[in-house]
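Residue numbers count from 1 along this sequence.
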Amino acid sequence: MYAIVRSGGTQQKVAVGDVIEIDSLTEKVGDTVALPAVLVVDGDTVTADAAALANVAVSAEVLGRTKGPKITILKYKNKTGYRKRQGHRQHYTQVKVTAIDAKKLSSSAKSGS
């Protein structure tokens with residue numbers, strides 16, 4: 001079983017036990033966070049219905065903070081002597097997916113069929 005979760009404007013494919021990097025969160029190390037599911041795949045069953053996905057809970061534990069790769073930004077204008085150099089490193093939070101609770105999903109999917 002795996003799920004597609006949304007976090008900070010991006011979507012990632014996760015399964016139980018996966019460690020992923022998402023945009024920086026305010027939670028402390030060891031806290032549990034809930035990630036909203038966009039799609040759930042359980043064997044041959046694919047669920048993308050918003051009403052059914054409201055019952056799905058993807059929980060993850062915060063492991064720590066990291067930084068992304070350094071991005072170098074260069075600005076240059078010809079014939080004026082203007083040069084500007086700037087760098088950026090995005091802050092991320094590492095989380096480990098602990099559970100994908102889709103028990104309610106199977107009962108709602110059967111009632112809808």
Check: Glu21 main-chain N/O paired with Gln12 side-chain donor or acceptor under 3.5 Å:
yes

In terms of hydrophobic clustering (I, L, V, M, F, W, Y; side-chain heavy atoms under 4.5 Å; direct or indirect links), are Ile73 and Tyr76 co-clustered?
no

Connected-component partners of Leu63 among ILVMFWY, side-chain separation under 4.5 Å:
Val19

Is Val62 reachable from Val16 through a run of I, L, V, M, F, W or Y residues, each pair having side-chain heavy atoms under 4.5 Å apart?
yes

Looking at residues at least two apart in the chain, or sitting in another chain, which of them share a side chain to side chain donor-acceptor pair (under 3.5 Å) with Gln94?
none

If the condition is side chain to side chain donor-acceptor pair (under 3.5 Å), which residues does Glu61 pass it with, not counting sequence neighbours?
none

Is Val97 reachable from Val41 through a run of I, L, V, M, F, W or Y residues, each pair having side-chain heavy atoms under 4.5 Å apart?
no

Side-chain (Ser24) to main-chain (His91) donor-acceptor, under 3.5 angstrom
no

Tightest non-hydrogen contact, residues Ala37 and Val56, listed as CB-CG1, 4.1 Å

Does the side chain of Ile22 reach to within under 4.5 Å of the side chain of Leu35, using non-hydrogen atoms?
yes

Is the shortest side-chain heavy-atom distance between Val14 and Tyr2 below 4.5 Å?
no

Between Leu39 and Ile100, is there a shared hydrophobic cluster once you connect ILVMFWY residues whose side-chain heavy atoms come closer than 4.5 Å?
no

Linking I/L/V/M/F/W/Y whenever their side-chain heavy atoms sit closer than 4.5 Å, directly or via other members, would Val95 and Tyr92 fall into one cluster?
no

At what distance, to the nearest 0.5 angstrom, does NZ of Lys75 lie from CZ of Arg83?
15.5 Å

Under 3.5 Å: donor-acceptor pair, side chain of Thr98, backbone of Ser59:
yes

Backbone of Gly68 reached by a side-chain donor or acceptor of Arg89 within 3.5 Å
yes

Tightest non-hydrogen contact, residues Val29 and Gly64, listed as CG2-CA, 4.0 Å

Roughly how far apart are Asp101 CG and Met1 CE, rounded to 0.5 Å?
9.0 Å

Spatial distance of atom CG (Leu74) from atom CD (Gln86) [nearest 0.5 Å]
10.0 Å

